[in-house]
Amino acid sequence: MTDNWEPVVIAYLCHFCSYSAADLAGSMRLEYAPNVRISKLMCTGKVDAQFILKAFEDGADAVMVSGCEEGDCHYLEGNLRAKKRIAHVKSLLKEVGLEPERVEMYNIGASDAPKFVRAVNEMTERARKLGPNPLKKKENTVPA
Amino acid sequence: MIIAERKPFDEIKQEILNYKKVLVLGCGTCVSVCMAGGEKEVELLATELRMAAKIAGKELVVDEMTVQRQCDKEYVEAVIEKAAQYDVVLSMACGAGVQFVAKTIEPAIVMPAVNTKFIGVCEAEGVWAERCRACGNCMLAEYGGICPVTMCSKGLLNGPCGGAKNDKCEASQEKDCAWVLIYNRLKAQGKLDNLRKFTGARNYTFQASPSKQVNEAYVRPELAVKK
Amino acid sequence: MSFRSQLEAGKFVVTAEVGPLKGTDIKEIEESAELLKGKIDAANVTDQQSSVMRLGSMAVSSLLVNRGLDPIYQVTCRDRNRIAIQSDLLSAWVLGIRNVLALTGDLPALGDHPQAKPVYDLDSVQLLSVIKGLNEGHDMNGNELKGKTDFLPGGVVKVYSDSDATRELQIIKMEKKIAAGAKFFQTQAVFDAADFEKFMKRVAPYKIPVLVGVIPLKSAGMAKFMNKNVSGVFVPDNLIKQMTDSTDKMKTGLEICANLIKDLKGMCQGVHIMAIGMEKKVPQIIDMAGLNK
């Protein structure tokens, strides 16, 4: 692909924990990969397989979904449901011919900004290794 | 309701291999509730097909539509005009729906996207279980409301086969022996004597397929069956 | 003397199982028939045992008739609908087969053609009532037969049940089988005399001949396997230990079997030896148990 390709990572973060962690990372002036595009949800329990497929159809190179730590979900078990759905989406990706590793579930507590940073960097690196999403339209490539 | 499961993606891909414009047609009733072929599953399948085609460098238009019921004339007729714009309709309804759509838009091509499995109930979120074989001659009154035709893997009518182990079926330790369930239910109801009655062999004329059911009170005069 | 006349005369009878093999080679069967002739009162011929497709029970029963051994033709409900079953019964009668054992039959899913359609058009109780009808000269829809049968119908019953519900259900079904015409019962294999005694007390009021089933053990592993997987079979720990400790497993297995027969014979009217794969040892078991004619 083009030399100036940079992966696009979509992050679905829950309002109560992981988004707060992202916010805190900013306040703490922690540096993380600028490739991430954050979408805030009330709870990862809201994440539908279709959200993720759509993200890939529209060219995302990786998708991360992050909820509260297991057992700490503000809605009790939304994050556990998301976990199952992510497993399902992995099988859908495999069916259509995309690498299941392009999507991952994380659990990041509100105070755990460093974990958020690690997660974003990890997904960005993973996408970089996997290469561009073959569904990506050329014009979607991000200039370096 | 009728329980179905989506066919494997590769099989669906094979079905539409030679077509360029596909309409994925969902059904808003049974298969919607059992999450096999409702609006949401239509969206997912259509997206998957588009993605797979694009990855393979294939030109494929995939559009989506869901009607309330594919087994009902008034809903299916609404599909005729739209379906005419496609090479193939991929129906996500049960086998009845697929056939009804195929008949309605004849000779257009209609392909099935789900496997129709059984008539059943929702036991828990994401879990459906068979309860009725549509035998046409309900015997539930005799068996405490547990159907031996459906729930006994051999459909026996006069008691268990003797293959049960730990009160589970010979077929699988995952399945309860229907006769143990029937025994316990009838015992609780004080109706164990029901089990002592001889039940004759089933009458398959009740299930002469293809079956038809007519309610004369509702048949329009011009369509009434001539006697 | 025929199996039936022995049974009706109240004599103690001995039966053994002859399992048809897969294919057309009948050498084994002929050898077994030769060995068992005069030693036993009847030979049960299994019907696609364990749902494994093989030579048919009617053909093998007929071979036994021709070799002077009285067969008990086993008929399961698994593979044939009521038309085929009734027709087969008429055919069996014409071939000289006189005893029928009605069974449900294991599920096809457990055999070597798991994709097969499970038929079960009739169940074992209905099958017995069909045989009764054929004996009376009519088919199950009341149509008259030109020439009727006079079979001796039998049923099977499980002695050991692992729950109260299944135990009661076995007894209820046994009553229904008797009402439907069963004239004798053969049981699933018994390994515990006390358990069998309890069972016989329970069914004594029915005044029906019961032939207790026995299986010679080949190894401790076989016993454990049956305990885990075979419904209605329970081998007690002391027998498993005897098998484990034995240096001559074959001998110990046959001894256990013979001793068991000695313990059980006073409680019932016959013994049914299921020597799965060891048919040729049956005469030896009979000798050891002192059942020689």
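Below, read A as the first sequence line, B as the second, and so on, with proteins coming before strands; counting in each chain starts at 1.
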For C:K198, I'd like to know if atom NZ has over 12 heavy atoms of other residues, nucleotides or ligands within 6.0 Å. no

Backbone of C:N227 reached by a side-chain donor or acceptor of B:K165 within 3.5 Å: yes

Do C:K176 and B:R196 pass the side chain to side chain contact (heavy atoms under 4.5 Å, CB included) test, and can you show the C-alpha distance, the side-chain angles, and the key distance before you say yes or no? CA-CA 7 Å; C:K176 288 170 96 163; B:R196 294 177 207 281; 5.5 Å; no

Checked B:I182, B:L192, B:T199, B:N166 vs chain C; the most non-hydrogen pairs under 4.5 Å come from B:N166

Name the region of C:R78, side chain, backbone, both or neither, that has any atom closer than 4.5 Å to a heavy atom of chain B. neither

A quick test of your reading: do over 12 heavy atoms of other residues, nucleotides or ligands sit less than 6.0 Å from NZ of C:K183? no

What pair of heavy atoms forms the shortest contact from B:A164 to C:S231, and how long is it? O-OG, 2.6 Å

Can you confirm whether B:K175 is buried at NZ, in the sense that more than 12 heavy atoms of other residues, nucleotides or ligands lie under 6.0 Å from that atom? no

Against chain C, label B:K197 side chain, backbone, both or neither, depending on which of its atoms sit under 4.5 Å from a heavy atom there. backbone

Do the non-hydrogen side-chain atoms of C:K173 and B:W179 ever get within less than 4.5 Å of each other? no

Minimum-distance pair of heavy atoms, taken over all atoms of C:D106 and B:E170: CA-OE2, 3.3 Å

Side chains of B:R202 and C:D121, heavy atoms from C-beta outward: is any pair under 4.5 Å? no

Using a cut-off of under 4.5 Å on heavy-atom pairs, state which of C:L169, C:T104, C:I172 scores highest against chain B. C:L169

Most contact-rich option vs chain C, by heavy-atom pairs under 4.5 angstrom, among B:G200, B:P160, B:S172, B:G163, is B:P160

To the nearest 0.5 angstrom, please state how far the OH atom of B:Y183 sits from the CZ atom of C:R167. 10.0 Å

Interchain contact, C:E175 with chain B, by part (heavy-atom threshold 4.5 Å): side chain

So does C:Q269 have more than 12 non-hydrogen atoms from other groups sitting under 6.0 Å from CD? yes

With chain B, which of C:M140, C:Q170, C:E168 has the greatest number of heavy-atom pairs at distances under 4.5 Å? C:E168

Around atom CG of C:L110, are there more than 12 heavy atoms of other residues, nucleotides or ligands at under 6.0 Å? yes

Count the heavy atoms of every other residue, nucleotide or ligand shown that sit under 6.0 Å from CD of B:E174, and state whether that count exceeds 12. no

Got a donor-acceptor contact below 3.5 angstrom from the C:S163 side chain to the B:D167 backbone? no

Flag if over 12 foreign heavy atoms under 6.0 Å of NZ, C:K22: yes

Is it the side chain or the backbone of C:V130 that comes within 4.5 Å of chain B heavy atoms, both, or neither? neither

Side chain, backbone, both or neither: which part of B:N184 has an atom under 4.5 Å from a heavy atom of chain C? side chain

Which bit of C:K228 comes within less than 4.5 Å of chain B, counting heavy atoms only: side chain, backbone, both or neither? backbone

Mark yes or no for whether C:D123, through its side chain, and B:N158, through its backbone, hold a donor-acceptor pair below 3.5 Å. yes

B:K154 side chain to C:G105 backbone, donor-acceptor under 3.5 Å: yes

Is there a side-chain contact between C:L107 and B:S153 in this structure, where contact means two heavy atoms from C-beta onward sitting under 4.5 Å apart? yes

Whatever's closer than 4.5 Å to a heavy atom in chain B on C:S129 counts as side chain

For atom CZ of C:F225, is the number of surrounding heavy atoms from other residues, nucleotides or ligands below 6.0 Å larger than 12? no

